[in-house]
Amino acid sequence: MESNEVKVLKRALERQKKARAQAEKILEDKSKELYDTAEHLKRANVLLENLLNERTDEVNAAFLNIIDPYVVMDLDFNVIRSNESAKEFLKFNRLKNEVNLSRYVHPDFAQYTAESIQSLLETGILKNYRAKIVLPDNQQKYVQINASLIYDRKANPIAAQGIIRDITQEKDVESLLKNQQEQLKESQDRLATLIKNLEMAVLLEDENRKIALTNKKFCDMFGIQANPEDMIGADCANAAEESKDYFKDPEQFIDRITEILKNQETVLSDELQMTDGRILERDYIPLFNDGVYKGHLWSYRDVTLTKTFRQNLQAEKDKYSGIIANMNLGLIEVDLNGQIQTVNRSFCNISGFEMKELVGSVVHELRTANNKQIIDDKDIAQLKKGQDSHQMAVFNKKGEQRHWLVSSAPRFDEAQRAIGSIGIHLDITEHIKLQLEKEKLLSKLEQSNESLKEYAYVVSHDLKSPLRSIEALASWLSNDYGDSLDDAGKEYLKLIQDKIESMENLISGILAYSTANTSELKNTEIDLHDVVSEIEESIYIPENVKVIAPEKLPTIIADRTKMHQLFQNIISNAVVHIEKENGKVEVLYQDKHGFWEFCIKDNGVGIPKKYHKKIFEIFQSASDDKKSTGIGLSIVKKIIDRYNGEVWVESEEGKGTDFYFTLEKQTLNSNLHEDIASQKVI
């Protein structure tokens, strides 16, 4: 039994025998080829030598029979013989001037030409010499030359012969093909780079389900711990079975891939549910070349966020659709032609029409039972424009006139082109009726106020007349019979005079109170320092009290008479309730942006806390002074109300009182009167 080593040596020997036999055969073929070539060259050399020596006309006739350009040159490149094709191609006439072919060689091919000639001299043959030449007219051509040496009878080279072939078009085609190949390669490289960097996972398989290309996104999406380049060539025939556990329904996943690969038809946006909660969309694109299947492309996109967003968006849409459908406000959507697109139940209720009567109808074509437009042309124009808010006088289906408050806005498509408008409608018919009734009541109230004002003037005048008569009689009694009266009579007479004074103050206070918020304000620039100075000179200020004001009080826009009343009532009230030897009343202020804030402080007896709010009501007073009417501070509050301000008091018994009040800053155009002031609180 032969050993393994012997077997190996025998096999090696057999291979060497076969290789030697093959080499011998190749050598034999080459030898025959060289022999044939040598014989051919010998015959050509004899012919050419005869041609060179004899220069007969028969040789020229033989050249004419060669179609391709044929040239014979000496070893210095000078043309000896040429046929008509060569003359025409190389654009020369040898009879007129000497032609040296070295001048035709383009400089870029000089070195290559020198090396080729050296090879020709060494071997006697030059095959497939290709170079660029420049013709006498500067035209450039590409040529291919096959040449051989010509020997004399002593076997010395004396010339060379060659056939020239114009390959310019061939080179142009080669160049074009080369450019196209380079462009194709660049396109393939760009495509590969694009696929590798796509945000979607991509897997390209050939017809045998071998991976041709993939990207990192694919590896990351399916948890593959490998580089995309390393996966090229991998077999995907069993990939579905290996990755099925990634999906919620593994068997359905496998069946679907089998079906897709069998049909070989494009599939887009196939949805896949993953076990980890992700949602993928898969595309399958088969690839064909001249109708022959060459593979397919898989692409995967993670659409979890998109799907979740759409689901949430749909939930929100359903929620708000439910709100719109059930809200009390009527909703209507119309296009640019006034055709109704959508309405809700509330709009049907306030208009009296059924939904099927409204949707698809044109607004201006809707008629009531009395054959009137549900909305007039002016309101239709406003609805189309999408104005902010406006009122409409409309008719319901029964022909009853109703009033709607409409808030509308334009509608746009995805390209921000106006496509219509949407309107929200509130039936304010009852509100309008109440408003009309309110206006009637206000008119009556105004008339009543005017009557009361007139009545106040009449009453004050009529009441003051007898008071003046009584006061005159009391003065006469005091002057004429004062000495005759005893102490008790004098006391009674003084009481009568005091009561007359109190009664006159009361009547004046009521008149001032009744006109405090009805007379028109005449706003001008007022220097409050002048106002306070005038008050100091006009009212009684006890000797133990001083009124202190800053050198610079603000200049404000207000009614001078009202400001005089305001400050005088507070300061007068303060100076008469100070019992201390060093009594003082301070006037202070602060700029509070849109308001002026004032404070009048005193160190008087103070006001009990239970009166802090009551003192601003008419006929309410914290003092036991019989001369106090309880009207002054109520007038103060009315004036402050007219300037949209506030008034309050901070006081402690025995320590003094701080009166605070604010006044809204005015302009010279402001003329506040009763109806404006009454709108401060709605």
Side-chain angles (χ1 to χ4, degrees), residues 37 40-41 44-45 47-53 55-57 59-152 156-186:
T37 301
H40 173 74
L41 289 174
N45 284 339
L47 175 62
L48 290 172
E49 188 174 337
N50 291 332
L51 290 174
L52 290 171
N53 293 331
R55 302 174 180 267
T56 63
D57 294 335
V59 174
N60 291 331
F63 287 151
L64 295 175
N65 294 326
I66 301 175
I67 297 175
D68 289 330
Y70 178 85
V71 175
V72 177
M73 68 176 186
D74 62 21
L75 297 182
D76 293 325
F77 297 96
N78 295 310
V79 174
I80 301 172
R81 293 282 187 273
S82 65
N83 64 359
E84 290 299 323
S85 296
K87 293 176 183 179
E88 182 179 349
F89 177 69
L90 296 175
K91 300 184 185 301
F92 67 79
N93 186 344
R94 195 183 62 80
L95 298 176
K96 291 184 178 180
N97 53 357
E98 294 295 327
V99 179
N100 189 289
L101 293 181
S102 64
R103 299 171 187 163
Y104 283 75
V105 179
H106 191 279
D108 292 346
F109 289 81
Q111 180 64 30
Y112 167 63
T113 301
E115 293 173 356
S116 299
I117 293 299
Q118 184 63 35
S119 175
L120 172 63
L121 293 174
E122 291 174 358
T123 62
I125 298 175
L126 180 63
K127 289 185 177 181
N128 296 329
Y129 165 80
R130 291 190 170 199
K132 184 193 294 186
I133 64 174
V134 181
L135 300 178
D137 61 359
N138 291 325
Q139 186 179 2
Q140 295 184 357
K141 295 280 188 177
Y142 279 94
V143 296
Q144 177 178 303
I145 300 175
N146 289 314
S148 62
L149 289 177
I150 300 173
Y151 300 90
D152 60 14
N156 295 317
I158 58 174
Q161 63 176 345
I163 295 176
I164 303 171
R165 187 163 65 89
D166 185 355
I167 61 168
T168 304
Q169 291 185 347
E170 182 182 332
K171 291 293 290 184
D172 290 341
V173 171
E174 286 180 2
S175 177
L176 180 61
L177 289 174
K178 183 178 180 182
N179 290 336
Q180 290 179 340
Q181 289 173 349
E182 290 176 353
Q183 292 176 2
L184 180 61
K185 187 176 185 307
E186 289 177 0

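Nearest heavy-atom pair across Asn83 and Pro69 is OD1-CA, 3.7 Å. In terms of heavy-atom proximity, Ala147 sits nearest to Leu120 at O-CD1, 4.1 Å. Here the closest non-hydrogen pair linking Pro136 and Lys91 is CG-O, 3.6 Å. Across all non-hydrogen atoms, the minimal contact from Ala159 to Ile80 is CB-CD1, 4.3 Å. The two residues Gly124 and Tyr151 come nearest to each other via the heavy atoms CA-OH, 3.8 Å.
Counting non-hydrogen atoms of other residues, nucleotides and ligands closer than 6.0 Å to CD of Gln139 gives a total above 12. Residue-environment remark: CD (Glu170) exceeds the threshold of 12 foreign heavy atoms within 6.0 Å.
With hydrogens and angles disregarded, a donor-acceptor distance shorter than 3.5 Å links the side chain of Thr168 to the backbone of Tyr142.
The side-chain heavy atoms of Met73 and Asn78, taken from C-beta on, include no pair separated by under 4.5 Å. Looking only at side-chain heavy atoms (C-beta outward), Asn146 and Asn128 come within less than 4.5 Å of each other. When side chains are defined from C-beta on, Val105 does not count as touching Phe77, because their heavy atoms never get closer than 4.5 Å. Counting heavy atoms from C-beta on, the side chains of Leu90 and Val71 come closer than 4.5 Å. Here the side chains of Val143 and Tyr104 are not in contact, with every heavy-atom distance at 4.5 Å or above.
A side chain to side chain contact (heavy atoms under 4.5 Å, CB included) with Leu149 is found for one member of Leu126, Ile125, Leu75, Ile158 and no other, namely Leu75. Among Arg130, Lys127, Lys171, the single residue meeting the side-chain hydrogen bond (donor to acceptor under 3.5 Å, both in side chains) criterion with Gln144 is Arg130.
With values rounded to the nearest 0.5 angstrom, Gln140 atom CD is found 9.0 Å from Leu135 atom CG. Expressed to the nearest 0.5 Å, how far OG of Ser85 lies from CG of Asp166 amounts to 12.0 Å.
In this view, Tyr112 and Tyr129 satisfy the ring-ring contact (aromatic ring centres under 6.0 Å, His included) rule, not counting sequence neighbours. Every side chain to side chain contact (heavy atoms under 4.5 Å, CB included) that Ser119 has, sequence neighbours left out, goes to Thr123.
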